[in-house]
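Everything below concerns the one structure shown next.
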Amino acid sequence: FVERFVENPRHIEVQIVGDGTGNVVHLWERDCSIQRRHQKVIEMAPAFSLPDDVRVRLHKYAKDLTSAAKYKNAGTVEFLVDEQL
């Protein structure tokens, strides 16, 4: 519901896998912005119009978050990206 307050939001998801000891790898990202009634209709991977510097930062944020939590599993970290990037 936060999307209502973000101008032209993009829903970007970064897939990660962690081993529970702080080691995490990302499995790239996908753009899930095309939705209907809060359900994803189309997922595009990789996120085609995401600038490389933003892509690198999102991968790092996802890895840092899950590494600090000692995440053990495959999962997704979701981001809302506005048009100002």
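Sequence positions, counted from 1, serve as the residue numbers for this chain. Hydrogens, waters and symmetry mates are skipped; everything else that's a heavy atom, side chains included, is used.
- Taking OG of Ser67 as the reference point, atom NZ of Lys60 lies at 10.0 Å (rounded to 0.5 Å).
- The residue from Val54, Val77, Asp31 that alone fulfils the side-chain contact (heavy atoms from CB on, under 4.5 Å) condition with Ile12 is Asp31.
- For the pair Arg10/Cys32, no side-chain contact is recorded, criterion being any heavy-atom separation below 4.5 Å from C-beta on.
- Under the side chain to side chain donor-acceptor pair (under 3.5 Å) criterion, Asp52 pairs with Arg55, sequence neighbours left out.
- Hydrophobic side-chain contacts under 4.5 Å tie Trp28 to no other Ile, Leu, Val, Met, Phe, Trp or Tyr residue.
- Within the structure, salt bridge (charged side-chain N to carboxylate O under 4.0 Å, His left out) contacts touching residues 70-80 (residues at least two apart or in different chains) do not occur.
- Residues that satisfy the side-chain contact (heavy atoms from CB on, under 4.5 Å) test with Asn73, not counting sequence neighbours, are Tyr71.
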Donor-acceptor pairs under 3.5 Å, side chain of residues 13-25 to any protein atom, not counting sequence neighbours: which ones?
residue, atom, partner, partner atom, Å
Glu13, OE1, Arg30, NE, 2.9
Glu13, OE1, Arg30, NH2, 2.8
Glu13, OE1, Lys40, NZ, 3.4
Glu13, OE2, His11, NE2, 3.2
Glu13, OE2, Lys40, NZ, 3.0
Asp19, OD1, Thr21, N, 2.9
Asp19, OD1, Thr21, OG1, 2.8
Asp19, OD1, Asn23, N, 3.2
Asp19, OD2, Thr21, OG1, 3.1
Asp19, OD2, Asn23, ND2, 3.0
Thr21, OG1, Asn23, ND2, 3.2

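- Side-chain contact between Leu58 and Leu50 is present, with at least one heavy-atom pair separated by less than 4.5 Å.
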